[in-house]
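Scroll down for the structure; my scribbles are underneath it.
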Amino acid sequence: MVIVSENFNLQQIADSGQCFRMNEIGKDRYGLVAYGRYIELEQVDYDKIWFSCSEDEYQAIWKSYFDMDYDYNSIVQSLKNGEDEFLAKAAAYGSGIRILRQEPFEMLISFIISQNKNIPSIKKCIEGLCTKYGEKRISQDCGGKEYYTFPAAEVLASANKEDLRELKLGYRDQYVINGAKFVTEGQNDLNKLKDCSHEEAVSALRTITGVGLKVANCISLFGLHHIEAFPVDVWIKKVLDEVYEGRFDVNLYPGYAGIVQQYMFYYIRNLNM
DNA sequence: ACCCAGGCCTGGA
DNA sequence: TCCAGGCATGGG
């Protein structure tokens, strides 16, 4: 099936650093594992996306996953017409980015792993984690493609550190276990953090040893869909220091600073490549 | 050999 | 509250 949208670019989403299991598998074509499923997507035109799944599955899962009910176009337009020249260029450059509604536990573990690593290395670690601890499945829609689901919290909570160490997580191995135990032993339902405020979610997540301010903000933005979150990593810090000289006011974008942040991140990273 | 990567923790001013 | 050093690992 095909979806028509002005603000939906697979390459930009895949390279925006928010998801780590969406990979290019051919020209303008991507494979993606999420919510225990595998789909393939193809950018058939600038405003047309082909999905390998049925209409029913799109309505049940992927429509929400790709945040299709949110009006990204009005944000892009207002930034392009706004006074901030850097953001005008950044929004135009990354106008096809959307904030995905990813699984909270997957985001918790993925962004714990992300610290002090580059994106290719993060992807490698996550794929290894899924292959070792996830469930192997076969996609009927996509020619019997084999894939592995993201591991359950119970599985990672009882993993031993020596096995994790083989996956090259480095010192983050204990942090991964801490994150999993936060869910299983602490009886913390991550989905409940969607209903409370962004600030409350961040402070709850930060009780995990290995989750600091930046990682907690990423989990809140990408896993809990608190789109007012504004994670500051080394790239965003570079923008705030060098472009804005410390005078960027996040309050100019109330309730959607996370979207602004994504345009910034994607733009500055590609300027340096 | 050095430096960096979607940082965090601990210890000491 | 803020800073320094350490931390595993891979890639440039």
Side-chain angles (χ1 to χ4, degrees), chain A residues 11-23 90 93-94 97-100 102-129 131-132 150 159-182 198 201-244 246 248 250 257-273:
Chain A
Q11 179 267 320
Q12 290 177 12
I13 293 169
D15 293 341
S16 67
Q18 59 175 308
C19 57
F20 302 106
R21 302 198 72 196
M22 180 173 177
N23 297 303
Y93 187 76
I97 295 173
R98 314 182 72 81
I99 308 287
L100 306 181
Q102 301 184 75
E103 293 178 86
F105 181 66
E106 178 173 344
M107 292 299 96
L108 169 62
I109 301 302
S110 295
F111 279 97
I112 283 175
I113 291 171
S114 78
Q115 61 190 90
N116 220 31
K117 272 184 173 300
N118 55 38
I119 291 176
S121 174
I122 298 164
K123 286 187 167 190
K124 204 172 295 180
C125 284
I126 292 173
E127 219 46 51
L129 202 63
T131 304
K132 188 170 180 62
F150 195 86
N160 66 57
K161 231 195 297 191
E162 291 69 37
D163 292 341
L164 287 172
R165 195 43 75 94
E166 289 176 22
L167 299 176
K168 304 302 179 184
L169 299 181
Y171 62 89
R172 306 164 193 78
D173 49 12
Q174 184 60 51
Y175 296 167
V176 166
I177 294 172
N178 293 346
K181 286 186 173 174
F182 175 79
H198 161 62
V202 164
S203 60
L205 291 166
R206 287 195 68 182
T207 63
I208 303 167
T209 303
V211 175
L213 185 58
K214 187 271 172 182
V215 165
N217 271 274
C218 282
I219 298 164
S220 187
L221 177 56
F222 303 126
L224 306 174
H225 208 72
H226 290 306
I227 59 172
E228 67 269 42
F230 191 84
V232 178
D233 73 320
V234 291
W235 292 97
I236 295 296
K237 181 168 174 15
K238 180 181 171 70
V239 172
L240 300 185
D241 289 349
E242 296 178 13
V243 178
Y244 292 93
F248 179 74
V250 71
I259 297 173
V260 171
Q261 191 269 10
Q262 278 300 97
Y263 296 144
M264 273 185 181
F265 179 82
Y266 179 72
Y267 187 51
I268 193 68
R269 253 173 53 86
N270 285 88
L271 281 182
N272 283 269
M273 285 160 60

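Side-chain atoms are counted along with the backbone in the values below, which use heavy atoms only and exclude waters and symmetry mates. Reminder, nothing fancy here: chain letters follow the sequence lines and each chain counts from 1.
Of the candidate nucleotides B:dG6, B:dC9, B:dG7, B:dC9 has the atom lying nearest to any side-chain atom of A:T209. The A:N116 side chain lies nearest to C:dC7 when the options are C:dC7, C:dG11, B:dG6.
Distance, A:D233 CG to B:dC4 C1': 13 Å, rounded to whole Å. Residue A:Q115 contributes atom CD, which lies 8 Å from atom P of B:dC9 at whole-angstrom precision. Going from atom CZ of A:F111 over to atom P of B:dA5 covers 16 Å, rounded to whole Å. Taking atom CG on A:D173 and atom P on B:dC8, their separation rounds to 17 Å, with Å as the unit. The distance between atom CD of A:E166 and atom P of C:dT9, rounded to the nearest whole Å, is 11 Å. Note: CD1 (A:I268) to P (B:dA5) measures 12 Å, nearest angstrom. One atom, CG of A:N118, and another, P of B:dC3, lie 18 Å apart when rounded to the nearest Å. A straight line from CG of A:L169 to P of B:dA5 spans 20 Å, rounded to a whole angstrom.
Checked against a 6.0 Å centroid threshold, the rings of A:Y93 and A:Y263 do not count as neighbours.
Among the heavy atoms of the strands, none lies under 4.0 Å from A:Q174. Contact annotation for A:S121: no contact, since no heavy-atom pair falls under 4.0 Å across all strands. Heavy atoms of A:S16 sit under 4.0 angstrom from at least one base atom. Among the protein residues, A:Y175 comes within range of the sugar-phosphate backbone only, with heavy atoms under 4.0 Å from sugar or phosphate atoms but none that close to a base. The residue A:F222 sits close to a base: some heavy atom pair falls under 4.0 Å. When heavy atoms are screened at a 4.0 angstrom cut-off, A:R165 is found touching the sugar-phosphate backbone but no base atom. A:I208 comes within contact range of the sugar-phosphate backbone alone, with a heavy-atom separation under 4.0 Å but no base atom that close. A:K168 comes within 4.0 angstrom of the backbone, heavy atoms only, and of no base. Here A:G17 lies in heavy-atom contact (under 4.0 Å) with a base. Nucleic acid contact class of A:I236 (heavy atoms, under 4.0 Å, all strands): base.
Listed here is the closest heavy atom pair of A:I13 and A:R98: CG1-N, 3.9 Å. Nearest heavy atoms, A:D15 versus A:R269: O-NH2, 4.3 Å.
With hydrogens and angles ignored, a donor-acceptor pair closer than 3.5 Å exists between the side chain of A:Y171 and the base of B:dG7.
The P atoms of C:dA8 and B:dG11 are separated by 15 Å, rounded to the nearest whole Å. Distance noted for atom C1' between B:dG6 and C:dC2: 23 Å (whole Å).
Here A:W235 does not lie in a stacked arrangement on the base of B:dG6, lacking the combination of planes under 30° and ring centres under 5.5 Å apart.
Contact annotation: A:R269 side-chain N/O to B:dG6 OP1/OP2 distance is under 4.0 Å. Listed pair A:K124 / C:dG11 meets the phosphate criterion, a side-chain N or O lying under 4.0 Å from OP1 or OP2.
Comparing A:P120 and A:G210 against DNA chain B, the residue whose closest nucleotide sits nearer the 5' end is A:P120. Map A:K117 and A:V211 each onto its nearest nucleotide of DNA chain B; the residue landing nearer the 5' end is A:K117.
Distance check: A:H198 NE2 to A:L221 CG gives 8.5 Å after rounding to the nearest 0.5 Å.
Between A:F105 and A:F150, the ring-plane angle classifies as perpendicular under the 30° and 60° cut-offs. Below 30°, between 30° and 60°, or above 60°: for A:F230 and A:F248 the angle between ring planes is below 30°, a parallel geometry.
Across the strands present, C:dT1 finds its partner in B:dA13; the criterion is a Watson-Crick or G-U wobble pair with both atom distances under 3.5 angstrom. B:dC3 is paired with C:dG11 under the Watson-Crick or G-U wobble criterion, all donor-acceptor distances under 3.5 Å.
Salt bridge A:K214/A:D233: absent, no basic N to carboxylate O contact under 4.0 Å.
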